[in-house]
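Written below as structure tokens is the structure these notes are about.
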2 protein chains.
Amino acid sequence: MAVTIADVARHAGVSIKSVSNYLNDYPFMSDAMRARIAASVEALDYKVNASARGLRLGRTGAISLVVPELAQPYFAQLAEDVVVRAEHHGLHVSIEMTGADPQRELAYLAGDRGPQVDGLIMHAVGLARTSGEVTELRYPTVLIGDEIAAEGCDFVTMAHEAAAAAAVGYLAARGRTRIVALGAERETDAPSGARLRLDGYRGGLEDAGLAAAPELLVPAGLWRIGSGRQAIEALIDAGVEFDGVVGFNDSLALGAISALAHAGLDVPGDVSVIGFDDIDEAPFASPPLTTADPSRHVLAQTAVDMLVERIEGESGPARRVEAPFHIVERASA
Amino acid sequence: MAVTIADVARHAGVSIKSVSNYLNDYPFMSDAMRARIAASVEALDYKVNASARGLRLGRTGAISLVVPELAQPYFAQLAEDVVVRAEHHGLHVSIEMTGADPQRELAYLAGDRGPQVDGLIMHAVGLARTSGEVTELRYPTVLIGDEIAAEGCDFVTMAHEAAAAAAVGYLAARGRTRIVALGAERETDAPSGARLRLDGYRGGLEDAGLAAAPELLVPAGLWRIGSGRQAIEALIDAGVEFDGVVGFNDSLALGAISALAHAGLDVPGDVSVIGFDDIDEAPFASPPLTTADPSRHVLAQTAVDMLVERIEGESGPARRVEAPFHIVERASA
DNA sequence: CTGTTAGCGCCTTCAA
DNA sequence: TTGAAGGCGCTAACAG
């Protein structure tokens, strides 16, 4: 069996309580005692047992971040931001993946999956596309990105609609008239991020006095670079004419650029492409990707901070925060 | 306070032991009892307390995966592979980041950081560059990718050297004579993956009868796309001539392609570029990236399987497995 | 400043 | 098949 606090106490010739005090940085302790205990901890290679402490305190010191998939650069980069901020609060982050499966998302929210934590941050893409209320919440929870019906959850979102409209406007201002919405969903009932971006796209078109054309609404399954590439290839093969693409995320936009290059089309000469997210790779594409930046850092930081407040007992009504966006001009549009 | 096993027992009118049996799928139980308990669990929304169970059993059901940074696509994608395989064993994965800082890597190995788990998988880039032995290991541990001196650890690696040599050979066979090693380290004492790739590069050069030139060894800090871009830009600015680049990972190679495109150089016409990893984005670059694929899936799967064996008591000597590699031919070289 | 003690929720003997 | 009791390692009263 592992070495316990009692072993340390015995070794140091002090009481268990003193060791516990030491471990928890109790301020009123003689330096001599502190040093003696430190030496014993070192000598015995003692480590606190997190299960025992967690059982006792009813707290684990960890939160979960639940995202659809890490292989999407946006989520990987968001995860880094969340980890950094959580560390700032002395919290540890457990990262979980759902594959955008609503069942798995529900299971995480209900606490039936994943490790025991003190709170949860989730970007629920799958549930956002379904409608239906989530009632079972095991932990203090902050939802990010996509809104779902869950009572009492704080929600940190981005300017899906305004940013998408601005992206369309950006292309329209450059004379583009046949603009593809890459990532548009077929089923648009629930107010998911995808749906809001589509609404923004439509609004942007209208503002610019452009007609909406159903063949320019192209869905893309999971928003990966490969899906974007395939979708645009199919569009070209189908003979659909277009001179602009709004990728509903950067991976999709990058896939579009790849397909366009493959087809021998010039970006932005023949087709302008604009993305959404401003992932780290965006500046390095050929051409560098113009994109709508929804302030990933702000989102991550706000979500963590709000969750910490909830964990510490804040019990006010559900809050809703929207991170600002801006268009990052580069060369693809 | 949360609902406990005792509450469930009371609600169902059975003993605590029976509830415990139910929770642990004890086979000898009447269906009626099982159903009754299930109903109570449902009614009370009971969740087992992982801390208590962990304390009692001395096991958490989780493992940690420790990598330098998630924003590198390779590690994000590796993480997905590990999560999928771990799930197959009923294990949960906690993902941790070190920023390639040797101190943090040590802390994870010693169990001074991160959540309590049953085992650890680590890709220790920072420590691999340092030399020195790691003696404090809190958990059963499997090292992946880069080798470090740690007694008794299983180790799953990739064909760093052979793959790098093959990459150089691939370029040489296409008539390239001035080949850059992008990601080459200045300090090359410890047998890190970076060092082995450099060794392979040198061997490949020699096999091809090509001279090594110190100005073609270019370091790149963290192996991100931005570092690759910067390094190659600097090389061009410095007036160094070269007609091939071996990126020590794909992000670096992609950065090289970006720099080359920016400088108006044709890939592979003027300069051939080959990468290492075969990340998901590689096929979608312009041009599509030729790369050495070190079998990420095999590596992830093997590492998880070996760790599970260790957790389950396997106590044989440290094992060492090398995943195979092959060159994926695309258009950049 | 330091020591003693009572659980936190769960699983597992042991006995029935 | 079920019930009672003990203890995993830790912290927070409560005394001293």
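The sequence lines fix the lettering, A, B, ..., with proteins before strands; numbering per chain opens at 1.
Here the rule is side chain to side chain contact (heavy atoms under 4.5 Å, CB included) with B:Tyr139, and of B:Leu109, B:Val117, B:Ile63 only B:Val117 fits it.
A distance of 9.5 Å separates CG in A:Leu70 from CD in A:Glu96, rounded to the nearest 0.5 Å.
For A:Met29, counting side-chain heavy atoms from C-beta on, the closest listed nucleotide (C:dT2, D:dT2, C:dG9) is C:dT2.
Contact annotation: A:Ser18 reaches the phosphate of C:dG3 (side-chain N/O to OP1 or OP2, under 4.0 Å). Taking 4.0 angstrom as the limit, B:Ser51 places none of its side-chain polar atoms (N or O) nearer than this to OP1 or OP2 of D:dG9. B:Ser15 has no side-chain polar atom (N or O) that falls below the 4.0 Å cut-off from OP1 or OP2 of D:dT2.
When the P atom of D:dG6 is taken as reference, atom CG of B:Leu55 falls 17 Å away, rounded to whole Å. Across the protein-nucleic acid pair, A:Arg59 atom CZ and D:dC10 atom C1' stand 16 Å apart, rounded to whole Å.
Under the rule for a salt bridge (charged side-chain N to carboxylate O under 4.0 Å, His left out), B:Glu322 has no partner lying at least two apart in sequence or in another chain. Scored by the ring pair (Phe, Tyr, Trp, His ring centres under 6.0 Å) test, B:His123 finds B:Phe75 as partners (sequence neighbours excluded). For A:Ala128, the side-chain contact (heavy atoms from CB on, under 4.5 Å) test picks out A:Asp146, A:Ile148, A:Ser192, with sequence neighbours left out. A search for salt bridge (charged side-chain N to carboxylate O under 4.0 Å, His left out) contacts involving B:Glu80 returns nothing, not counting sequence neighbours. Residues forming a ring pair (Phe, Tyr, Trp, His ring centres under 6.0 Å) with B:Tyr22 (at least two apart in sequence, or on another chain): none. For B:Arg224, the salt bridge (charged side-chain N to carboxylate O under 4.0 Å, His left out) criterion is met by B:Glu69, not counting sequence neighbours.
Pairs of residues two or more places apart, or lying in two chains, never qualify as ring-ring contact (aromatic ring centres under 6.0 Å, His included) while including a residue from residues 94-119 of chain B. Sequence neighbours left out, not one pair with a member in residues 84-104 of chain A passes ring-ring contact (aromatic ring centres under 6.0 Å, His included).
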I'd like a table of donor-acceptor pairs (distance under 3.5 Å, sequence neighbours excluded) in which one partner is a side-chain atom from residues 54-61 of chain A, with atom names and distances.
| residue | atom | partner | partner atom | Å |
| --- | --- | --- | --- | --- |
| A:Thr60 | OG1 | A:Ala62 | N | 3.2 |
| A:Thr60 | OG1 | A:Asp118 | OD1 | 3.2 |

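Of the residues in residues 108-118 of chain A, none has a non-hydrogen atom less than 4.0 angstrom from any atom of DNA chain D.
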When you check every protein heavy atom under 4.0 Å of nucleotides 10-16 of chain C, what one-letter string (B, S, -) results, 5' to 3'? BBBB---

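Where the helix from C:dC1-D:dG16 to C:dA16-D:dT1 starts and where it ends, the local axes point in directions that differ by 30°; five pairs per end, rounded to 10°.
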